[in-house]
Amino acid sequence: MALPAGFFRRAVSSPTAAKLMLVACAVIWGSSAFMMKDATESLPVFWLLAIRFGMAAVLMLVVFSKNVRAHLDRRTIGVGLLLGLWEWGGYAVQTVGLTMTTPGKSAFITGSYVVMVPFIAWAMGMGRPHRWDLAAAAVCLAGLGFVGLDGGGLVNFGDVLTVVCALLFALQFVEVARCGGELDIWAFTAWQFIAMFGLSALLAVFEPVPSPATFTPPLVLQLVYFGVVCSFVSLAAMNYAFTRVPPAEGSLLACLESPAGVLFSVMAGHEILSGRLTLGFALIFTAVLISNGWPWYRERRAKGAEQPEKPETPRRNHAS
């Protein structure tokens with residue numbers, strides 16, 4: 001017996017499905033770390049970003065053309081362009097910061113948006129952060145420290161730039177969660193990609209033009225993976241998911257990109273699974289359990305409080 005279409009719509013729009021989407025996005029982004037490193041050795045940074053986000057923008061305009069045409073209003077376009085500016089700015093300052101700090105410190109500091117998101121959401125009128133959200137963020141940050149930090153030295157300007165990157169990503173997450181329920185997600189995501197492509201292309205003008213021989217079959221496959229899977233599919237799915245889960249929970253799941261990248265590094269033989277990494281993974285997993293466990297516990301308590309007490313059954317007196 002075939003299941004009705006409404007069943008699939010309800011399943012995809014459920015908070016559980018949204019959380020699974022964020023985990024999948026984190027794994028995909030983590031898997032792309034090695035390919036990005038290889039690609040930047042062949043292509044200038046902003047040429048790489050322009051191709052990546054240009055490909056995603058074209059796909060969004062083709063697949064969601066009806067959504068884009070139906071929502072050509074100032075607010076949808078403005079939100080999309082603002083999100084694109086924040087996302088692109090995060091990539092840009094993170095890339096520059098990487099030239100002055102270690103990859104481990106960069107991953108750790110970027111993941112600090114899990115601490116920023118609850119407070120930014122509070123400042124934007126989305127509710128005061130719950131103590132369990134803050135506890136989960138603190139545990140996750142400690143885990144990211146064990147995963148990413150490797151004695152990379154004192155704080156430098158590259159670290160400061162990476163803090164700016166984390167702030168821009170946090171602003172993006174909260175804004176998507178705040179506006180996603182009011183605006184068409186696919187329309188403003190298309191404008192987000194357009195902004196990211198335009199800014200990348202603008203700076204690519206100042207970089208050396210790659211020769212046609214640069215685009216070898218392996219590099220082309222990597223570019224397709226970046227543009228289609230890592231950007232068009234994953235970023236669009238992430239925007240959709242952030243409209244279905246609270247920003248604090250969503251950012252915690254999105255930051256699994258960092259341990260996922262390290263795990264792929266271990267699987268590829270580039271890094272050894274040490275006790276430090278194992279402890280970091282355990283702490284991050286604990287943070288995910290805390291973040292996703294306390295809403296379930298609160299819901300169970302609320303249902304228990306609403307359940308009416310059963311009236312006592314009157315006792316029968318038996319004549320002797």
Side-chain angles (χ1 to χ4, degrees), residues 25 28-64 68 76-101 103 106-107 110 113 158 161-162 164-173 175-176 186-212 214-216 218-239 254 257 261:
C25 291
I28 288 171
W29 292 328
S31 71
S32 68
F34 301 114
M35 288 182 282
M36 280 292 290
K37 183 178 180 180
D38 294 339
T40 53
E41 293 176 357
S42 303
L43 284 176
V45 171
F46 291 107
W47 272 90
L48 173 60
L49 294 181
I51 294 171
R52 172 179 177 172
F53 297 130
M55 198 182 306
V58 170
L59 288 171
M60 286 296 298
L61 291 174
V62 171
V63 176
F64 298 102
V68 175
T76 299
I77 297 174
V79 167
L81 294 178
L82 180 63
L83 290 172
L85 175 63
W86 285 342
E87 176 83 1
W88 178 86
Y91 275 106
V93 295
Q94 184 186 49
T95 302
V96 175
L98 267 171
T99 64
M100 293 174 266
T101 188
S106 176
T110 301
Y113 59 65
L161 289 177
T162 311
V164 176
C165 162
L167 176 61
L168 292 172
F169 285 164
L171 286 168
Q172 177 207 350
F173 294 155
E175 184 68 5
V176 170
W186 314 120
F188 72 65
T189 301
W191 288 105
Q192 180 179 356
F193 281 130
I194 290 171
M196 296 167 75
F197 163 70
L199 291 167
S200 300
L202 182 64
L203 290 185
V205 173
F206 301 99
E207 293 179 326
V209 179
S211 65
T214 303
F215 296 92
T216 60
L219 179 60
V220 171
L221 289 176
Q222 289 175 347
L223 293 174
V224 170
Y225 184 70
F226 298 150
V228 178
V229 180
C230 298
S231 298
F232 169 65
V233 174
S234 296
L235 186 56
M238 185 198 73
N239 281 355
E257 173 188 358

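In what follows, residues are counted from 1 in the order of the sequence shown.
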Q. Which atom names give the shortest non-hydrogen contact between Val63 and Phe232, and what distance separates them?
A. CG2-CZ, 3.9 Å
Q) Can you name the residues that form a side-chain hydrogen bond (donor to acceptor under 3.5 Å, both in side chains) with Trp191, not counting sequence neighbours? A) none
Q) So Tyr225 and Leu221, side chain to side chain contact (heavy atoms under 4.5 Å, CB included) or not? Walk me through it. A) CA-CA 6 Å; Tyr225 184 70; Leu221 289 176; over 6 Å; no
Q. Hey, mind stepping through Leu199 and Leu203 against side chain to side chain contact (heavy atoms under 4.5 Å, CB included) and telling me if it holds?
A. CA-CA 7 Å; Leu199 291 167; Leu203 290 185; over 6 Å; no
Q: Grab the two heavy atoms, one from Ala39 and one from Gln222, that are nearest each other, plus how far apart they are.
A: CB-OE1, 4.0 Å
Q) What pair of heavy atoms forms the shortest contact from Ser234 to Trp29, and how long is it? A) CB-NE1, 3.5 Å
Q. Closest heavy-atom contact between Ala236 and Met60?
A. CB-SD, 4.3 Å
Let me check something: any side-chain donor-acceptor pairs from residues 43-55 under 3.5 Å, sequence neighbours excluded? List them with distances.
unit_1: Trp47; atom_1: NE1; unit_2: Ala204; atom_2: O; d: 3.2
unit_1: Trp47; atom_1: NE1; unit_2: Pro208; atom_2: O; d: 3.4
unit_1: Arg52; atom_1: NE; unit_2: Ser231; atom_2: OG; d: 2.7
unit_1: Arg52; atom_1: NH2; unit_2: Tyr91; atom_2: OH; d: 3.4

Q: Measure the spacing between CD of Glu87 and CG of Leu171 and express it to the nearest 0.5 Å.
A: 12.0 Å
Q | For the student: nearest non-hydrogen atoms of Gly90 and Cys165, plus distance | A | O-SG, 3.4 Å
Q. Side chain to side chain contact (heavy atoms under 4.5 Å, CB included) between Leu219 and Glu41: does it pass, once the steps are laid out?
A. CA-CA 11 Å; Leu219 179 60; Glu41 293 176 357; over 6 Å; no
Q.
Run Leu61 and Ile194 through side chain to side chain contact (heavy atoms under 4.5 Å, CB included) and show every step you take.
A. CA-CA 9 Å; Leu61 291 174; Ile194 290 171; 4.1 Å; yes
Q. What orientation do Tyr113 and Phe169 show, parallel under 30°, tilted 30 to 60°, or perpendicular over 60°?
A. perpendicular
**Q.** Gap between atom OG1 of Thr189 and atom CZ of Phe64 - 0.5 Å precision
**A.** 8.0 Å
(Q) Please find the pair of heavy atoms, one from Thr162 and one from Gly97, that lie closest to each other, and give the distance. (A) OG1-CA, 4.4 Å
Q | Nearest-0.5 Å distance that lies between atom CZ in Phe193 and atom CG in Leu83 | A | 11.0 Å
